[in-house]
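Shown next, in structure tokens, is the structure this report addresses.
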Amino acid sequence: MGKFKYLLAAFVAFALVVYQKIAIDIVEPETMPADVCWGSVSGPAKDRSNAKEIRPFVINVTTEVIADLKDRLSNARPIIKPLRNVNFEYGFNGDHLAKIVDHWLNRYDWTVRQAYLNSLPQFKTNIFGLDLHFIHVKPPARTAARTIPLLLIHGWPGSVVEFYKIIPMLTIPVDGFNFVFEVVAPSLPGYGFSEAAARPGMGPAQMGQMFVKLMERLGHEKFYVQGGDWGGVITEAISKLFPERVYGTHSNMCSSTSSLTLNDYVKLFLGTYWPSIIVSNENEKSRTYPLSKMFFGFLEESGYMHLQMTKPDTAGVGLNDSPVGLAAYILEKFSTWTSSNYKKQPDGGLSKFNTDELLDNVMMYWVTGSMTTAMRLYSEYASNKYQALPHIKANVKVPAACAIFPNEMPIALALKKLLNRKYEKLIRVTEMKDGGHFAAFEQPRLLADDIWSTIYEMEKIRLNSI
């Protein structure tokens with residue numbers, strides 16, 4: 001009974017502080033005016049002659065920035081030793097963090113890694129007063145296959161670095177398919193090399209409108225969208241607000257939590273005894289029950305979320321000042337969100353990844369100093385004003401598909417019976433055989449195959465209806 005009281009109190013406190021449902025008098029319009037400016041210039045964006053230019057971009061970090069990083073790594077305070085017989089149960093294991101820092105300082109070669117990150121074509125353009133960074137990869141010249149535009153959207157604490165392996169799998173023709181993808185992968189505003197908003201209000205829907213404008217500027221009136229984490233939230237917002245622009249949506253983090261009814265909660269609890277009333281297969285059952293495991297797991301893993309939804313600027317000070325702290329904060333998520341069981345391993349399961357590639361993602365935050373502005377997205381999303389927007393509770397009416405990775409956080413409640421109601425044209429739900437939260441980074445081949453198969457089905461339906 002004591003544990004239940006703790007669970008109930010913590011859950012209610014979290015809901016009251018973060019997801020307040022207090023009625024407000026003024027609701028921002030669902031879409032932004034064409035002349036809105038999120039940059040440092042106040043008022044409407046000025047009609048500059050070069051505002052709509054697509055400018056090639058190359059990452060070129062100065063030697064001073066890298067020298068400063070190495071100095072901070074060399075002179076970092078000693079890392080606290082972990083408790084005896086403790087791995088990642090208390091957070092990032094200090095012994096393994098020391099190994100990561102040693103690799104970063106002595107073996108990680110930024111010259112080589114920068115060249116790798118510049119291997120995909122990158123650009124910037126100004127949209128709603130902000131310089132937006134994006135990767136844009138077209139299929140090889142003289143490809144016979146039809147080209148289909150695909151908007152690929154990352155989340156936190158990831159970046160476009162997550163997509164470097166999957167993009168070639170999507171932009172090179174595949175036998176058996178008469179189409180190939182042209183991929184556009186933007187850095188979210190305030191993330192990496194994309195400029196951050198200078199005033200409050202830049203939530204997932206506003207970012208989605210920026211990306212629709214980006215696709216339009218690149219010549220794509222209609223396109224497919226794909227994402228996970230915040231990318232999944234943004235693709236959902238785009239699909240709801242601009243359904244006429246979206247052929248279909250694919251998510252590796254479909255969630256039904258925003259559309260749950262009292263009846264659904266009753267079914268969830270009754271499903272403890274009669275699972276078939278809410279779950280469709282054994283995979284869903286094992287992800288959902290026992291409910292206590294799911295909710296306690298959420299509480300254990302959601303402290304970062306509460307902090308970033310309420311005090312992102314405070315948390316950001318330390319992370320922006322200490323590369324060791326930044327690496328621990330980011331990479332701990334790549335451990336636990338890849339598999340909750342990894343916390344029982346001395347290396348947190350991080351050895352399954354290439355350390356240089358993990359640090360590439362950390363560097364996207366470090367060299368741009370963007371962790372604080374990236375975390376603000378949580379606060380914007382949790383605000384009363386944003387949660388009152390009508391699209392939050394709306395259903396997705398465009399063709400949709402969900403890739404359910406077995407180690408994804410179960411709190412998303414990606415249950416087919418619930419998803420079928422939220423996604424009115426749910427084409428496909430795939431139970432993936434391996435992988436967790438960072439699907440494109442962990443399992444690029446599995447995710448790419450599901451994207452190909454899904455859009456093949458969607459294209460058949462679309463073309464037959466013309």
Would you call the rings of Phe177 and Phe179 parallel, tilted or perpendicular, where under 30° means parallel and over 60° means perpendicular? perpendicular
Do the numbers put Arg462 on top of the ring of Tyr247, so that NZ or CZ is under 6.0 Å from the six-membered ring centre and no more than 45° off the axis? yes
Results of side-chain hydrogen bond (donor to acceptor under 3.5 Å, both in side chains) for Glu332 - residues two or more places apart only: Thr336
Do Arg55 and Thr125 get their side chains close enough for a donor-acceptor pair, meaning under 3.5 Å? no
Please determine, by modelled atom types, if Glu182 and His136 share a side-chain donor-acceptor pair under 3.5 angstrom. yes
How would you list, by chain and number, every residue that makes a side chain to side chain contact (heavy atoms under 4.5 Å, CB included) with Leu105, sequence neighbours excluded? Lys70, Leu73, Ser74
How long is the span from the CG atom in Leu447 to the CD1 atom in Ile166, to the nearest 0.5 Å? 4.0 Å
Which residues pass the side-chain hydrogen bond (donor to acceptor under 3.5 Å, both in side chains) test with Tyr108, not counting sequence neighbours? Asp360
With side chain to side chain contact (heavy atoms under 4.5 Å, CB included) as the test, would you mind laying out the steps for Ile451 and Phe181 before giving the verdict? CA-CA 10 Å; Ile451 293 171; Phe181 298 104; 4.1 Å; yes
Rounding to 0.5 Å, atoms CG (Leu260) and OG (Ser255) come to a distance of 7.5 Å
What distance do Glu300 atom CD and Lys293 atom NZ have between them, rounded to the nearest 0.5 Å? 11.5 Å
For the residue pair Tyr329 and Tyr304, establish whether any side-chain heavy-atom pair is separated by less than 4.5 Å. yes
Closest heavy-atom pair, His154 versus Pro186, reported as atoms and distance to 0.1 Å, is CD2-O, 3.4 Å
